Peer 1: 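The structure is given below, and queries will be raised subsequently.
The structure displayed is predicted, hence computed values, not measured ones. Chain letters run A, B, ... following the sequence lines, proteins first, then strands; residues in each count from 1. Only heavy atoms go into these numbers, but all of them, side chains included; no hydrogens, no water, no symmetry mates.
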Protein chains: 2
Amino acid sequence: MVTIKDIAKRAGVSRGTVDRVLNNRPGVNPETEAKVRALIEEMGYRPNMAGQILAVKKRRLHLAFLIFHGPEFVFHLDILHAARDKAAELREFGVTVDFYLVRQLDTPYLERLFREVEDNQPDGIAALPLRTTAFMSFIQRMNAKGVPTVFFNLDEDFAPHLAYVGCDYVQSGRVAAGLVSLCTEGRGQVGIAAADGPNSPSFAGRMGGFSQELSANHPGLSMVDGGMPALFHNGDFTEVVDLVEQNPDMKAIYIVNMGDYGVCQEIHRAARGRNLAVITHDLAPAQQELLKNGLISATIVQQPDIQGSLPLQLLYEYLAFGTLPAKSKFFTDLHICISQNV
Amino acid sequence: MVTIKDIAKRAGVSRGTVDRVLNNRPGVNPETEAKVRALIEEMGYRPNMAGQILAVKKRRLHLAFLIFHGPEFVFHLDILHAARDKAAELREFGVTVDFYLVRQLDTPYLERLFREVEDNQPDGIAALPLRTTAFMSFIQRMNAKGVPTVFFNLDEDFAPHLAYVGCDYVQSGRVAAGLVSLCTEGRGQVGIAAADGPNSPSFAGRMGGFSQELSANHPGLSMVDGGMPALFHNGDFTEVVDLVEQNPDMKAIYIVNMGDYGVCQEIHRAARGRNLAVITHDLAPAQQELLKNGLISATIVQQPDIQGSLPLQLLYEYLAFGTLPAKSKFFTDLHICISQNV
DNA sequence: TTGTAAGCGTTATCAG
DNA sequence: CTGATAACGCTTACAA
């Protein structure tokens with residue numbers, strides 16, 4: 001294993017000089033720099049993580065983690081939990097993480113919250129992007145200050161950021177289509193239901209992938225109502241019940257997003273013993289139960305643990321070692337859960 | 001963050017003494033030991049990994065990785081590849097890994113190979129267990145010497161070992177049953193095929209889980225020939241073709257293990273356009289192709305990367321930090337792959 | 001039985 | 001522009 005000391009010895013300089021070259025710090029004679037660089041290349045120097053971690057600790061890095069947190073967002077809780085675990089893990093690297101839970105979307109509230117984040121002067125920010133001007137200008141201000149940001153869960157490109165960690169919603173819709181096809185032998189009608197249609201940023205992506213996959217590879221399948229979702233909210237399932245009852249030859253139903261898990265019960269009541277495949281996304285505790293009971297046929301998960309932990313890890317690596325993320329978009333795996341492999 | 005130095009200061013002893021207590025080394029006055037232990041507890045001391053790694057490096061640990069490697073074992077290649085990556089990663093921790101590829105199963109060959117491993121005096125061993133006396137006695141000898149072993153891929157309990165990393169074959173058969181049920185609406189007949197029946201240690205587990213799940217939760221499904229597999233080898237697919245042709249009402253076929261990927265082609269030829277779900281295990285490159293072509297409906301993967309890397313990681317943690325594995329069996333996730341999420 | 005000191009590889013701070 | 005030195009937290013000889 002070749003170390004900085006080895007390089008320094010062979011170059012006839014001190015460790016400090018080699019360090020300056022490695023970290024592109026000013027104040028090195030171009031000639032010695034060239035010599036050192038050549039040796040780094042030639043000897044195949046790779047920095048030793050443990051040594052770096054130990055030394056970087058003294059900088060006491062400070063990160064901020066922002067997530068929207070409403071009662072209907074069970075999924076965000078899993079992300080938050082993973083992020084807290086990661087924060088605990090990073091503590092021994094001298095990193096502290098401040099968590100900010102966004103609980104409303106009105107501008108004064110948001111501006112006050114973002115001002116607070118800014119005042120705490122974080123070295124990096126992991127955030128669930130919001131489509132509000134308050135958020136956008138906040139991110140832009142932080143960018144201007146050179147504070148790196150990583151987005152998770154929603155892939156918004158209104159401001160430059162270090163990376164995105166989250167679901168590929170289009171592909172996720174395609175997987176849903178594949179599952180529907182599997183459950184129906186590729187023939188028949190499929191209904192669409194959603195708790196939140198146009199307001200949900202993920203809805204469009206999933207529906208795009210779903211319909212695209214259907215028309216490209218599953219000619220025997222068609223969507224009821226041309227893909228217009230039956231919406232349900234606050235315990236009102238009439239649209240969904242109608243969908244099931246008025247389409248007796250419907251073989252499957254795709255629930256694009258769920259807020260109220262009671263919908264599955266209603267669907268099966270309305271189906272009256274008829275075979276109806278139900279495909280959903282995510283795996284809240286309630287959904288695990290529904291899978292076990294056969295009220296959900298299969299669900300597609302999007303690794304909330306990675307969405308919570310990886311953004312903090314990427315920020316740490318960037319700030320501590322100057323390592324840019326390997327890619328700009330880290331798409332989570334689209335795992336399929338059925339009753340037997342939850 | 002509380003360090004050994006902090007403890008030492010508060011206890012009025014030196015770092016060395018605290019270290020001795022932490023690592024249960026002899027030569028500490030019971031009274032000071034008690035005082036130090038109390039402080040460790042009270043101050044919530046957690047060892048710092050980076051510091052440990054750096055210090056432990058000097059020991060230059062040496063591991064052995066043994067895997068059976070025949071042409072028909074494509075899956076083992078994925079494990080091997082992951083293990084080599086892990087070995088490269090462990091190099092900067094001062095760890096070297098020797099790889100031994102078992103290419104035959106005759107006793108003289110095996111004994112010579114194991115003798116060679118033994119002579120190299122590894123500090124720990126990761127091995128794919130073999131059901132031969134030569135292997136068993138080798139493991140027992142190493143155990144006697146206090147060299148820890150971790151098994152992967154096959155869960156054999158003939159000798160004590162630190163941990164097992166691999167598939168839960170019984171559960172994996174249950175997942176296959178769940179997929180068959182999904183593809184058939186839970187009704188009809190399912191055929192069984194295998195490249196290797198009784199000789200394959202995983203076959204029994206998978207078939208057990210499969211039939212158990214069917215009888216427990218899928219009363220509408222039954223196995224053709226009572227579960228007797230149609231065997232195929234070396235391009236001879238007659239049994240499988242017969243199975244498909246003679247059971248026109250068969251809705252699905254479960255390929256418990258595959259050596260020859262040509263079987264899928266034959267199955268679909270024999271099916272003559274009839275809808276037939278095909279469920280397999282693993283995801284060799286050839287299988288990816290078959291998934292894309294629709295010749296495999298779904299396949300269940302068992303994380304070869306984890307099977308290759310985790311055993312080495314567990315051995316390192318045990319040898320370097322004395323950390324016992326969190327569990328004795330690390331079952332890999334049973335991920336379901338369809339055409340859309342490979 | 002206990003303390004001391006060197007070293008693992010890197011970074012940061014001070015002198016020069 | 002460069003070198004020396006002191007951390008970061010831990011382990012391990014060796015000395016007392």
Peer 1: Round to a whole Å and report the spacing from CG of B:L22 to P of D:dC10.
Peer 2: 8 Å
Peer 1: C:dT10 C1' sits how many Å from A:F321 CZ, rounded?
Peer 2: 10 Å
Peer 1: Rounded to the nearest angstrom, tell me the gap between atom CG in B:L61 and atom C1' in D:dT11.
Peer 2: 13 Å
Peer 1: Mind checking A:R25 for me? I need base, sugar-phosphate or nothing, with any heavy atom below 4.0 Å counting as a touch.
Peer 2: sugar-phosphate
Peer 1: Over 60° means perpendicular and under 30° means parallel, so classify the ring planes of B:F65 and B:F152, tilted if in between.
Peer 2: parallel
Peer 1: Figure out the CZ/C1' separation between B:R91 and C:dC8, and round it to whole Å.
Peer 2: 16 Å
Peer 1: Atom CZ of B:R60 and atom C1' of C:dG7: how far apart are they, to the nearest Å?
Peer 2: 14 Å
Peer 1: Could you state the atom-to-atom distance from NZ of B:K35 to C1' of C:dT2 in whole Å?
Peer 2: 12 Å
Peer 1: Output the rounded distance in Å from CD1 (A:I40) to P (C:dG9).
Peer 2: 16 Å
Peer 1: So B:F151 and B:F158, would you call those rings parallel, tilted or perpendicular, with 30° and 60° as cut-offs?
Peer 2: tilted
Peer 1: If I take atom CG in residue B:N23 and atom P in nucleotide D:dT12, what distance separates them, rounded to the nearest angstrom?
Peer 2: 7 Å
Peer 1: Verify whether one side chain among A:H335 and B:H335 offers a donor that lies under 3.5 Å from an acceptor in the other.
Peer 2: yes
Peer 1: Walk along nucleotides 1-9 of chain D from 5' to 3' and tag each nucleotide B, S or - by protein heavy-atom contact under 4.0 Å, base first, then sugar-phosphate.
Peer 2: SBB-BBBBB
Peer 1: Does B:H62 use its side chain to pair, donor to acceptor, with the backbone of B:R60 at less than 3.5 Å?
Peer 2: no
Peer 1: For B:Y45, run the side chain to side chain contact (heavy atoms under 4.5 Å, CB included) check against B:V18, B:D6, B:I7 and tell me which one passes.
Peer 2: B:I7
Peer 1: May I ask you to check whether A:E317 and A:Q313 show a side-chain donor-acceptor distance below 3.5 Å?
Peer 2: yes
